[in-house]
Structure formats: structure tokens, C-alpha cells
Amino acid sequence: MSGPGAQQIGAGRAAPARAISRKAALHALFPQNVTIALSDPQAPQPAPWPEEAEAIRRAVPARAREFAAGRAASRAAMALMGHASRPVPAGPDRAPIWPDGLTGSLSHTSSLCIAALAPLDQVRAIGVDLEESLPVPADLIPDICTLAERAWLACQPEAERGLLARLIFSAKECAYKCQYPLTRTLFDFDTLEVTPDLDTGQFEATFVRGIGGFNAGACLSGRFIMHDDLIACGMVLARRPRWGLGL
């Protein structure tokens with residue numbers, strides 16, 4: 001494929017001649033004003049700050065490790081931006097509360113955590129999602145994908161449909177995270193309809209119905225990669241809203 005997207009789906013589709021590193025691939029999900037940092041949830045991490053620790057007081061060890069890795073990645077991104085380290089507590093809804101002047105998003109798999117941060121005066125919201133490259137079981141695809149998405153999957157090679165359903169899942173998680181700081185609204189998978197472009201590594205997530213300031217038909221654009229054992233999606237909502245956004 002020609003873009004930084006689904007590089008390993010389909011033996012008949014051209015892969016890049018030169019392999020790119022995972023971090024470079026993840027950087028390509030975002031514009032230059034977004035800073036990313038990575039950490040390993042399986043490696044020892046600094047303890048969360050006191051303001052953060054309450055969120056994992058009853059957490060199982062795996063969740064506590066993931067939380068610590070996310071906060072470590074967040075502070076690493078702050079340092080790369082030239083900011084002093086600051087706490088990132090979790091709100092009552094478990095969403096991260098970013099320091100004044102910053103916005104961001106977190107995601108993790110069992111072996112990788114990413115923090116994506118940007119100045120709030122340049123970016124309204126960020127969404128990022130990481131998924132392990134595991135096919136969605138066929139019986140779960142109707143729970144995730146709309147009729148239109150399932151029609152698109154039916155046009156793809158049968159052996160690839162489960163993995164492409166995982167991509168749709170990831171794109172919806174990414175778009176949900178991006179809209180949430182603006183709407184504070186929970187919704188189900190059928191609220192967004194995802195259209196991936198496997199040649200360019202881009203996708204659009206369209207609101208099927210209005211949510212908060214997002215009108216029905218509002219479209220959020222993102223990028224994705226399918227790199228080694230990882231599916232990742234990234235999205236940025238710029239300060240200047242696109243059509244269909246009443247925010």
C-alpha cells in the first residue's frame with residue numbers, strides 16, 4: 001500500500017520497500033504539533049504521583065502497571081515539549097485530566113503504551129488507540145460494525161475481514177476519545193460509521209446521529225497504521241472546526 005497505513009494486509013498489495021520503525025510509524029499518525037512518547041507496561045515504571053494514585057487504589061496489578069506506564073509516557077511527552085513534569089489525575093469518568101494548556105490522549109496494549117500531547121491553543125482534542133493485531137471473531141463483528149461497514153468488509157478478502165474489523169474498532173475508539181473532552185458523552189459503536197482508505201492509511205468517522213455539538217453527518221478524519229503486531233489510529237481536532245461541527 002502506498003500510504004503509512006495498512007502495510008501488511010493482503011499479499012497482493014504492495015508494501016513499502018523500506019521498513020519503518022514502530023515509533024516513526026506512530027509519529028506519522030499526527031501533525032508536527034503533536035508530541036508522542038512511548039513506554040512499556042511490562043517494564044518497571046516510576047510510581048504514579050499522589051494526585052494520580054487514587055485512581056488505581058483498588059486496581060489489579062496489570063491495570064496498575066498500565067496506568068503507571070501511561071503517566072510515565074505523559075511526562076516524557078511533556079519533557080519533549082519543554083514543559084515541567086505535572087500530574088495527570090483521572091477524573092470520576094476515568095478520563096485523564098490534562099494540565100492547564102495541554103490536551104492529550106492515552107492508549108496501551110499489553111506491551112506498549114502511547115501518550116500523545118499538544119498545546120491546547122493549537123489543538124482542541126486528540127484521540128489515539130492501540131490494538132493488538134488480532135482478528136475480531138466473526139460473531140462479534142455485528143456488535144462493532146454498522147451495516148455499511150459490514151458491507152465494506154464483505155468486499156474485502158475473506159481472510160482479512162477479521163483484522164479489518166479490528167481496524168474499524170480501533171478507529172471508533174480513537175474518534176470516541178477525540179470527541180469526549182468536548183461532549184463528555186458516552187455512546188455505542190453504532191453512533192459512528194468508519195470509512196477506511198487502505199491505500200492511504202486514512203479513515204473518516206462520521207456521526208450517524210448528533211452528539212453534543214457534533215451534528216449528524218459531522219466527519220472526523222484520522223490516520224491508521226497496521227505495523228507488525230500493532231494496529232494504531234490517531235486523530236486531531238484542530239482549533240478551526242470542520243463542517244458539521246457546531247462546537
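- Annotation: the span from M226 atom CE to E160 atom CD amounts to 8.5 Å, rounded to 0.5 Å.
- Scored by the side chain to side chain donor-acceptor pair (under 3.5 Å) test, E193 finds T146 as partners (sequence neighbours excluded).
- Taking the side chain as every heavy atom from C-beta outward, L192 and T206 never approach each other to under 4.5 Å.
- Within the 3.5 Å criterion, the main-chain N or O of T183 finds a donor-acceptor partner in the side chain of T185.
- When all heavy atoms of A59 and A64 are compared, the closest pair comes out as CB-N, 4.2 Å.
- Atom CZ of R150 sits about 7.5 Å away from atom SG of C145, to the nearest 0.5 Å.
- Looking at S74, its side chain does come within 3.5 Å of a backbone N or O of G70 through a donor-acceptor pair.
- Side-chain contact check for L38 versus L112: some heavy-atom pair is nearer than 4.5 Å.
- In this structure, R124 contributes its side chain and L237 its backbone to no donor-acceptor pair below 3.5 Å.
- Applying the side chain to side chain donor-acceptor pair (under 3.5 Å) rule to pairs touching residues 30-49 yields N33-Q122, sequence neighbours excluded.
- In terms of modelled atom types and a separation under 3.5 Å, the side chain of R161 and the main chain of A154 share a donor-acceptor contact.
- Minimum interatomic distance between A55 and A90 (heavy atoms only, all atoms of both residues): CB-CB, 3.8 Å.
- For R57, the side chain to side chain donor-acceptor pair (under 3.5 Å) partners are E54, not counting sequence neighbours.
- E51 meets the salt bridge (charged side-chain N to carboxylate O under 4.0 Å, His left out) test with no other residue; sequence neighbours excluded.
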### Task
Give the intermediate values and the outcome of side-chain contact (heavy atoms from CB on, under 4.5 Å) for residues C233 and L167.
CA-CA 8 Å; C233 292; L167 169 61; 4.0 Å; yes
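- Looking only at distances, no side-chain donor or acceptor of R223 sits under 3.5 Å from a matching main-chain atom of F203.
- In summary, of the residues considered (I126, V128, I114), a side-chain contact (heavy atoms from CB on, under 4.5 Å) with I36 occurs for I114 alone.
- Looking at F207 and Q179, their side chains come closer than 4.5 Å, going by heavy atoms from C-beta outward.
- Residues satisfying the ring-ring contact (aromatic ring centres under 6.0 Å, His included) criterion with Y176, sequence neighbours excluded, are Y180, F187.
- When side chains are defined from C-beta on, L164 counts as touching L198, because their heavy atoms get closer than 4.5 Å.
- Under the rule for a side chain to side chain donor-acceptor pair (under 3.5 Å), the partners of T191 that lie at least two apart in sequence or sit in another chain are R209.
- Minimum heavy-atom separation, P46 to A68: O-CB, 3.9 Å.
- Residue R65 holds its CZ atom at 11.0 Å from CD1 of I56, rounded to the nearest 0.5 Å.
- Q156 contributes a side-chain N or O that, together with a main-chain N or O of W152, makes up a donor-acceptor pair within less than 3.5 Å.
- Residue M81 belongs to a hydrophobic cluster whose other members are M78, V88, W98, L102, L106, L117, with links defined by side-chain heavy atoms closer than 4.5 Å.
- Here OG1 of T200 is found 4.0 Å from CD of Q202. Values are rounded to the nearest 0.5 Å.
- Summarising the geometry, atom CD1 belonging to I144 is positioned 12.0 Å from atom CG belonging to D188; distances are rounded to the nearest 0.5 Å.
- In this structure, E204 and V194 have side chains that are not in contact, with every pair of non-hydrogen atoms separated by 4.5 Å or more.
- For residues 66-87, the set of pairs meeting the salt bridge (charged side-chain N to carboxylate O under 4.0 Å, His left out) definition, not counting sequence neighbours, comprises E52-R75.
- The hydrophobic cluster around V208 extends to none of the other residues, as no ILVMFWY side-chain heavy atom falls under 4.5 Å of it.
- Under the rule for a ring-ring contact (aromatic ring centres under 6.0 Å, His included), the partners of F189 that lie at least two apart in sequence or sit in another chain are F169.
- Follow the hydrophobic side-chain contacts under 4.5 Å out from L140 and you never reach L147; the two are in separate clusters.
- Within the structure, the salt bridge (charged side-chain N to carboxylate O under 4.0 Å, His left out) test picks out the following pairs touching residues 167-187 (sequence neighbours left out): D93-R184, D129-K177, E149-K172.
- In terms of heavy-atom proximity, A76 sits nearest to A37 at CB-CB, 3.8 Å.
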Under 3.5 Å, which donor-acceptor pairs do the side chains of residues 130-137 form with other protein atoms, sequence neighbours left out?
from	atom 1	to	atom 2	distance (Å)
E132	OE2	S110	OG	2.7
S133	OG	D229	O	3.4
S133	OG	L230	N	3.2

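- Closest approach of F224 and P196 over heavy atoms only: CE2-CB, 4.4 Å.
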